[in-house]
2 protein chains.
Amino acid sequence: MSPKRALTRNQALVLQTLTASEEPLSAYAILDRLRDDGFRAPLQVYRALDALLQTGLVHRLDSLKAFVACAHPHEHADEAMVAFAICESCGRVWEFSDSKIEDRFAAWAAAEDFVTKTTTFEISGLCAACRKAQGPAGPGV
Amino acid sequence: MSPKRALTRNQALVLQTLTASEEPLSAYAILDRLRDDGFRAPLQVYRALDALLQTGLVHRLDSLKAFVACAHPHEHADEAMVAFAICESCGRVWEFSDSKIEDRFAAWAAAEDFVTKTTTFEISGLCAACRKAQGPAGPGV
DNA sequence: ACTCCAATGTTATATCATAACATCTCTTGC
DNA sequence: GCAAGAGATGTTATGATATAACATTGGAGT
Ligand SMILES: [Zn+2]
Ligand SMILES: [Zn+2]
Ligand SMILES: [Zn+2]
Ligand SMILES: [Zn+2]
């Protein structure tokens, strides 16, 4: 993984914005929140995000086209497969990994002679809090 | 799952296009291939894709922003979690599921009291054929 | 001060997806 | 046959996400 450079000003601002948010943010949502800090164009956000994605401080959730600050940078600096559970009601994200799942997938890859580069593992659903809040009728979505 | 209506003309054309393709196609790539059949606007493609996604005949690969014909419609008419392995060199897609992985994830969900609605499980890498063709130096990407 | 390099700023454009509304084409009941 | 309704289709416009290309700035090292 990348050689842990210090964050630039723009990278720090983007990371702060994501960390402060309860839910994943699109690049344009980040841009809007950083207007007062001088951000004017999407590229400023995307460039900072590229660097943060490289170092693993931020993840992109493909299923949402949005970005989220990493919940545990220390753990998956390595090659671990990480899964994200996303509540479609409150937007909160749970980040977890399971070595048994990894092993099981590794077995498939070995059988097929497939070499893994990147993984995207995202689950959408409803968290316990949201289900309780909305009752047995389900969400008003 | 949906009540298996017959395919409309547009749906059939889109599905044929995807089935004929060796690799996933973006909606606009599908549109280009169907100009001669009278397709003029993206919505014609997206509408057909929506219907095909509903019935499970087509999958969207979020990590590629592209669509692929289902490799085994019969198997996952139910709620099975399906994983896609995508060769980033030749574009071919392997579709598979593993009940142990499902069980393992279900255990996590039960512990967190999280109710799953949809899953996105996509692996990018290199298939055996492409690695052999390109030698130990890796792909020319 | 000069040079270099990385980061940043800025404009324009590419790519992916949907809203809104008009029209067509069946089917069904009469 | 024919009117009414429903679903599918056609068309234009627009929104949302992401990148290309090039100019400018601001230190670090000499
Ligand atoms: Zn993380
Ligand atoms: Zn929730
Ligand atoms: Zn399938
Ligand atoms: Zn391949």
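Between A:Leu61 atom CG and D:dT17 atom C1' there is a gap of 15 Å when expressed in whole angstrom units. For A:Leu31 and D:dG15, the CG to C1' distance is 15 Å, given to the nearest whole Å. Here the C1' atom of nucleotide D:dG10 and the CG atom of B:Asn10 are 10 Å apart, to the nearest Å. Between the P atom of D:dA8 and the CG atom of B:Leu13 lies a distance of 15 Å, rounded to the nearest Å. As a whole-Å value, the separation of A:Leu53 CG from D:dT19 P is 10 Å. The distance from atom CG of A:Asp62 to atom C1' of D:dA18 is 13 Å, rounded to the nearest whole Å. Whole-Å rounding puts the B:Lys65 NZ to C:dA14 P distance at 17 Å. The nearest whole Å value for the distance from the CZ atom in B:Arg9 to the P atom in C:dC24 is 16 Å.
Evaluation of atom-type donor-acceptor distances gives no pair under 3.5 Å for the side chain of B:Tyr28 against the base of C:dA14.
Salt-bridge annotation for A:Lys117 and B:Glu88: present, with a side-chain N of the basic residue lying under 4.0 Å from a carboxylate O of the acidic one. Ionic pairing of A:Arg131 and B:Asp113 is present here: one or more N-O contacts between side-chain nitrogen and carboxylate oxygen are shorter than 4.0 angstrom. Salt-bridge annotation for B:Asp37 and B:Arg35: absent, with no side-chain N of the basic residue lying under 4.0 Å from a carboxylate O of the acidic one.
Listed pair A:Gln44 / C:dG9 meets the phosphate criterion, a side-chain N or O lying under 4.0 Å from OP1 or OP2. A sub-4.0 Å separation between OP1 or OP2 of D:dG7 and a side-chain N or O of B:Thr8 is absent.
Between A:Tyr46 and D:dT19, no base-stacking contact is recorded for ring centres under 5.5 Å apart and planes less than 30° from parallel.
In this structure, B:Arg47 reaches the bases: a heavy-atom distance under 4.0 Å links it to at least one base atom across the strands shown.
A donor-acceptor contact closer than 3.5 angstrom links the side chains of A:Glu122 and A:Ser63.
At least one side-chain heavy atom of B:Leu7 sits under 4.5 Å from a side-chain heavy atom of B:Leu52.
Across the interface with DNA chain D, nearest-nucleotide mapping of B:Arg40 and A:Pro42 shows B:Arg40 to be the residue nearer the 5′ end.
In the set C:dA19, D:dA18, C:dT10, the nucleotide with an atom closest to the side chain of B:Leu43 is C:dA19.
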